[in-house]
Amino acid sequence: MDLEFYKKSADYVKSKIDFKPDIAIILGSGLGKLSDEIEDAVVISYNDIPNFLVSTAPSHAGKLIIGKLAGKKVICMSGRFHYYEGYDYDQLSLPVRLFKLLGVEMIIATNAAGAVNTGYRPGDVMVITDHINLSGATPMRGKNIPEFGPRFFDCTNVYDRDLRALALETSKESALRFHEGVYMFTVGPQFETPAEIKLARLLGADAVGMSTVTEALTAAHCKIPFLGFSLITNMGSGILPQKIDGAEVEEIADRSSSMLREYVKKLIAKM
């Protein structure tokens, strides 16, 4: 894939709108209803965008919604892409590179995650400070496209410090319980084993999930400030005696989603 490949996607989206979106929002499991609150919305199906991907995850709508939210011009992904869907890592760079070509200035990403830190509980929110990626892969593998970023790039501030500070300050206005912590990426789609959760804790992870890291790395390459949130939907395997299933994840996400939506709107208004 070269620059022209990505430009085809961007040119199509640009043809449907008459303004530049400033903030991109990537919505995780159970949080898609935020997109319903975007005003003057232009809705574009992923299927219609040249060279784009199609989301196959349950509850992910598979569309871009572009308009205004909390007074800001936004582009929202209702439905994201995961490695476990069969995509290669370089394909997972597509959404953020599209945002780069559209002129997006910052990205907010949310996900559903399992708690590794035993001080967390379902319904909590973790502001991601850093990540652990032991998959052995990166979306930047292969030929570098210098228009997006350099061949070798720094990952000291992948999760932007200033945006994290703003997020924590805004959390004082929310009834949700917030933490700062490290997110560990696993490829999925199976949930982690109890031994893997113990290893994650030993390595310094506070939560574990199957997304976000590919988008965060691509944003770092593109030099777009990135802010990530994990909605804690379950305790990691082996912490509690019961099994983990997707229904539990969706239930907790739905229960907390209205408060998280209100929080994200207040945050966007301040950005």
Side-chain angles (χ1 to χ4, degrees), residues 22-29 31 34 72 74-77 80-83 89 92-93 95-100 104-117 119-120 124-135 137-140 148-150 152-172 174 176-187 200-201 203-233 260 263-271:
D22 297 317
I23 302 171
I25 309 166
I26 303 172
L27 297 175
S29 299
L31 301 174
L34 181 65
K72 301 297 173 65
V74 303
I75 179 169
C76 178
M77 283 186 68
R80 58 142 52 95
F81 311 115
H82 307 79
Y83 178 72
Y89 283 98
L92 297 175
S93 69
V96 173
R97 286 181 166 176
L98 169 64
F99 298 155
K100 175 74 171 179
V104 163
E105 297 175 3
M106 59 191 75
I107 298 172
I108 300 173
T110 68
N111 63 53
V116 174
N117 189 321
Y120 291 6
D124 289 357
V125 178
M126 186 183 81
V127 179
I128 303 175
T129 60
D130 205 342
H131 72 240
I132 299 170
N133 174 18
L134 298 184
S135 69
T138 169
M140 271 61 260
F148 289 122
F152 303 104
F153 59 100
D154 181 62
C155 286
T156 304
N157 192 33
V158 173
Y159 302 88
D160 187 81
R161 293 186 190 91
D162 293 338
L163 291 180
R164 280 162 34 205
L166 181 62
L168 290 173
E169 181 64 28
T170 306
S171 73
K172 298 174 183 178
S174 174
L176 291 166
R177 197 166 76 130
F178 279 75
H179 310 274
E180 282 190 293
V182 175
Y183 179 86
M184 184 167 176
F185 172 68
T186 60
V187 298
R201 189 178 301 115
L203 292 174
D206 295 290
V208 63
M210 306 170 191
S211 66
T212 303
V213 166
T214 52
E215 295 109 328
L217 287 173
T218 308
H221 184 244
C222 291
K223 296 185 178 179
I224 304 174
F226 187 94
L227 178 63
F229 294 99
S230 292
L231 175 60
I232 303 301
T233 52
L260 187 56
Y263 164 77
V264 170
K265 286 190 293 183
K266 290 179 181 178
L267 177 62
I268 288 172
K270 298 178 181 181
M271 295 175 80

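Between the side chain of Thr110 and the main chain of Phe229, no donor-acceptor pair closer than 3.5 Å is present. Checking side-chain atoms of Thr186 against main-chain N and O of Met210 turns up no donor-acceptor pair under 3.5 Å.
Under the side chain to side chain donor-acceptor pair (under 3.5 Å) criterion, Tyr120 pairs with no residue, sequence neighbours left out. In terms of the side chain to side chain contact (heavy atoms under 4.5 Å, CB included) criterion, residue partners of Thr218 (sequence neighbours excluded) are, by chain and number, Ser93, Val96, Arg97, Pro139, Met140, Cys222. Under the side chain to side chain donor-acceptor pair (under 3.5 Å) criterion, Ser211 pairs with Arg80, sequence neighbours left out. Every side chain to side chain donor-acceptor pair (under 3.5 Å) that Lys265 has, sequence neighbours left out, goes to Glu37, Glu262. Listed by chain and number, the residues in a side chain to side chain donor-acceptor pair (under 3.5 Å) with Asp124 are Arg177, His179 (sequence neighbours excluded).
By the 4.5 Å heavy-atom criterion applied to side chains, Tyr159 and His131 are counted as neighbours. Contact of the Val187 side chain with the Tyr89 side chain is registered, since non-hydrogen atoms from C-beta on lie closer than 4.5 Å. Counting heavy atoms from C-beta on, the side chains of Met271 and Leu166 come closer than 4.5 Å.
Minimum interatomic distance between Val116 and Ala205 (heavy atoms only, all atoms of both residues): CG1-O, 3.4 Å. Contact detail for Leu163 and Pro225: the closest heavy-atom pair is CD1-CB, 3.8 Å. Of all the heavy atoms in Cys155 and Val158, the pair that sits closest is O-CG2, 3.4 Å. Of all heavy-atom pairs between Met184 and Ala200, the closest is SD-CB, 3.4 Å. Taking every heavy atom of both residues into account, Gly181 and Asp206 meet most closely at CA-OD2, 3.3 Å. The two residues Ile128 and Asp130 make their nearest non-hydrogen contact at CG2-O, 3.3 Å.
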TODO: Could you please spell out the steps behind the side-chain contact (heavy atoms from CB on, under 4.5 Å) verdict for Asn111 and Ile26?
DONE: CA-CA 9 Å; Asn111 63 53; Ile26 303 172; over 6 Å; no

Task: Steps toward side-chain contact (heavy atoms from CB on, under 4.5 Å) verdict (Leu176, Ser171) - done: CA-CA 8 Å; Leu176 291 166; Ser171 73; over 6 Å; no

TODO: Using the side-chain contact (heavy atoms from CB on, under 4.5 Å) rule, take Lys266 and Thr170 through it: C-alpha gap first, then chi angles, then the decisive distance, then the call.
DONE: CA-CA 7 Å; Lys266 290 179 181 178; Thr170 306; 4.1 Å; yes

Task: Residue pair Thr129, Val182: steps toward the side-chain contact (heavy atoms from CB on, under 4.5 Å) verdict - done: CA-CA 6 Å; Thr129 60; Val182 175; 3.9 Å; yes

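Rounded to the nearest 0.5 angstrom, Ile268 CD1 and Ile108 CD1 are separated by 4.5 Å.
Ring centroid separation for the pair Tyr83 and Phe185 does not come in under the 6.0 Å cut-off.
Legend: salt bridge (Lys or Arg N to Asp or Glu O under 4.0 Å) pairs involving residues 155-170, not counting sequence neighbours, sorted by first then second residue: Arg164-Glu180, Glu169-Lys172.
Heavy-atom contacts from other residues, nucleotides or ligands closer than 6.0 Å to NZ of Lys270 number more than 12.
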